[in-house]
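By convention here, the first residue in the shown sequence is residue 1. In this text the structure is predicted, and so the values were computed from the model without any measurement. Keep in mind that the numbers below use all heavy atoms, side chains included, and drop hydrogens, waters and symmetry copies.
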Amino acid sequence: MTPSLEQLRTLLVVADQGSFSAAARHLGKAQSVVSSAIANLEIDLDLTLFDRSGRMPRLTPQGERILAEARLVMARCGELTALAGELAAGVEPRLTLAVDDDTWLPWLGDLLEAFSLRFPTVELELLFPLLEDLHQLLLSGRAQLGISYEQLAPSPDIVAAPLGRVTMPLVVAPSHPLAGQQSTTLDALQGSRQIMVTGRHDGQERQRFRVASRVWWAEGDMAVLELVRRGLGWASIPDVLVEGPLARGELVCLTPTFLAGPPAMSTELLWHRARPLGQAGRWLKEALQARTRGQGEEG
């Protein structure tokens with residue numbers, strides 16, 4: 001027969017308490033009930049779990065092994081019970097967060113750690129789509145929350161809340177011809193290859209900051225960074241990505257004559273207007289917005 005959860009729980013209590021009588025007191029049952037439960041478990045498993053020859057019962061080697069497995073089974077049972085409770089309380093089993101730029105993951109780390117403690121049973125999925133790809137995930141319901149750069153043509157079905165701004169300096173490799181210029185004109189940028197991020201939808205977003213007539217496209221800022229480091233063109237890249245390469249002399253910043261300072265882009269938290277979030281999604285949304293408010297107060 002298959003052991004019952006009650007039998008496994010009794011096994012754990014007897015092992016932890018050290019005797020059948022102590023286990024009975026702990027469980028609030030008669031000692032005969034505890035002894036019968038262990039005896040029936042041994043019959044079901046066709047194993048001797050306790051050596052009863054001494055004054056106190058001792059686990060046999062087989063009993064030690066079964067005990068380890070029983071602890072795992074009971075732990076999983078506890079997780080199942082917790083999951084059922086959360087689902088009954090309106091906590092969604094799965095949450096997908098789509099992030100336009102994977103370089104934001106470090107600052108998301110603290111919130112994700114807190115999320116894991118608050119919702120240990122929720123399956124979290126992180127996706128890193130680019131440009132219009134992210135909005136398509138929200139519109140289709142594939143993702144419930146998104147973090148994106150401000151869109152040129154936002155969908156009326158998507159709610160956007162501000163998160164902050166990201167500075168994106170123009171950079172090239174030291175060996176690039178533009179690196180030797182004290183200041184960079186618009187004509188110079190237009191005449192040199194530009195490296196740009198692209199998504200998988202051929203929309204207007206990818207053309208948004210196009211300056212040059214010749215462009216190489218890359219799916220992700222890390223790929224753009226590597227191409228620029230190799231001297232294959234210039235690009236506007238998030239500052240968090242270029243801080244290290246700039247400090248190591250692998251990149252240099254350009255100073256465009258037609259800009260007052262480095263370009264910057266606003267970032268937004270997104271969700272679908274008609275799809276209500278579960279408890280976990282609402283918590284993460286509010287935590288992200290609280291973080292933004294906190295930064296504004298500090299600034």
- Task: Say whether, by atom type as modelled, one donor and one acceptor occur between the side chain of R229 and the main chain of L251 under 3.5 angstrom.
- Result: no

- Start with the C-alpha distance between L5 and V73, add both sets of side-chain angles, then the distance that settles side-chain contact (heavy atoms from CB on, under 4.5 Å), and finish with yes or no. CA-CA 8 Å; L5 292 176; V73 171; 4.0 Å; yes

- Sub-4.5 Å side-chain heavy-atom contact between L49 and V14: no

- Task: Walk me through it: do F258 and T185 pass the test side-chain contact (heavy atoms from CB on, under 4.5 Å)?
- Result: CA-CA 7 Å; F258 56 95; T185 64; 5.9 Å; no

- Item | Ion pair check, R71 and D16, cut-off under 4.0 Å | yes

- Query: In terms of side-chain geometry, is the basic nitrogen of E92 or R275 positioned less than 4.0 Å from the acidic oxygen of its partner?
  - Reply: no

- Item | Lys/Arg-Asp/Glu bridge criterion (N-O < 4.0 Å) met for E286, R118 | no

- Query: Are more than 12 heavy atoms from other residues, nucleotides or ligands located less than 6.0 Å from atom CZ of R230?
  - Reply: no

- Message: Contact between T255 and Q182 at the side-chain level, heavy atoms closer than 4.5 Å - yes or no?
- Response: no

- Query: What about L189 and I195, same hydrophobic cluster or not, with Ile/Leu/Val/Met/Phe/Trp/Tyr joined at side-chain heavy-atom distances under 4.5 Å?
  - Reply: no

- Task: Kindly indicate, with the supporting measurements, whether the criterion side-chain contact (heavy atoms from CB on, under 4.5 Å) is fulfilled by H176 and V228.
- Result: CA-CA 9 Å; H176 193 279; V228 173; over 6 Å; no

- Which heavy atom in P174 sits nearest to a heavy atom in A179, and how many Å separate them? O-CB, 3.5 Å

- Joint cluster assignment, L95 & L269, ILVMFWY side-chain distance < 4.5 Å: yes

- Item | Closest approach of A188 to Q181 (non-hydrogen atoms, all atoms of both residues) | CB-OE1, 3.9 Å

- Query: With a 4.5 Å heavy-atom cut-off, do T2 and D44 have their side chains touching?
  - Reply: no

- Query: Would a hydrophobic clustering, with Ile, Leu, Val, Met, Phe, Trp and Tyr connected at side-chain separations under 4.5 Å, put L139 with L134?
  - Reply: yes

- Do you know which two heavy atoms are closest between L8 and A70, and how far apart they sit? CD2-CB, 4.0 Å

- Query: Do the non-hydrogen side-chain atoms of T96 and R94 ever get within less than 4.5 Å of each other?
  - Reply: yes

- Message: Using a 6.0 Å cut-off, check whether atom CZ of R52 has over 12 heavy atoms from anything other than its own residue.
- Response: yes

- Task: Answer yes or no: is there a donor N or O on one side and an acceptor on the other, between the side chain of W234 and the main chain of L170, under 3.5 Å?
- Result: no

- Query: At what distance, to the nearest 0.5 angstrom, does CD1 of I66 lie from CG of L47?
  - Reply: 5.5 Å

- Over all heavy atoms of both residues, which pair between Q194 and A212 is shortest? Give the atoms and the distance, please. OE1-N, 3.1 Å

- Do the side chains of L112 and L277 join up, straight or via other hydrophobic residues, at under 4.5 Å, putting them in one cluster? yes

- Assess whether side-chain contact (heavy atoms from CB on, under 4.5 Å) is satisfied between Q7 and T10, documenting all intermediate values. CA-CA 5 Å; Q7 286 175 323; T10 302; 5.7 Å; no

- Query: When hydrophobic residues are tied together by side-chain contacts of less than 4.5 Å, even through go-betweens, does V166 share a cluster with L254?
  - Reply: no

- Message: Would S53 and D51 count as a side chain to side chain donor-acceptor pair (under 3.5 Å) here? Give the steps.
- Response: CA-CA 6 Å; S53 61; D51 179 355; 2.7 Å; yes

- Work out which heavy atom in L227 is nearest to a heavy atom in A218; give both atom names and the distance. CD1-CB, 4.3 Å

- Query: Hey, what do you get for OH (Y149) to CG (L130), rounding to the nearest 0.5 Å?
  - Reply: 9.5 Å

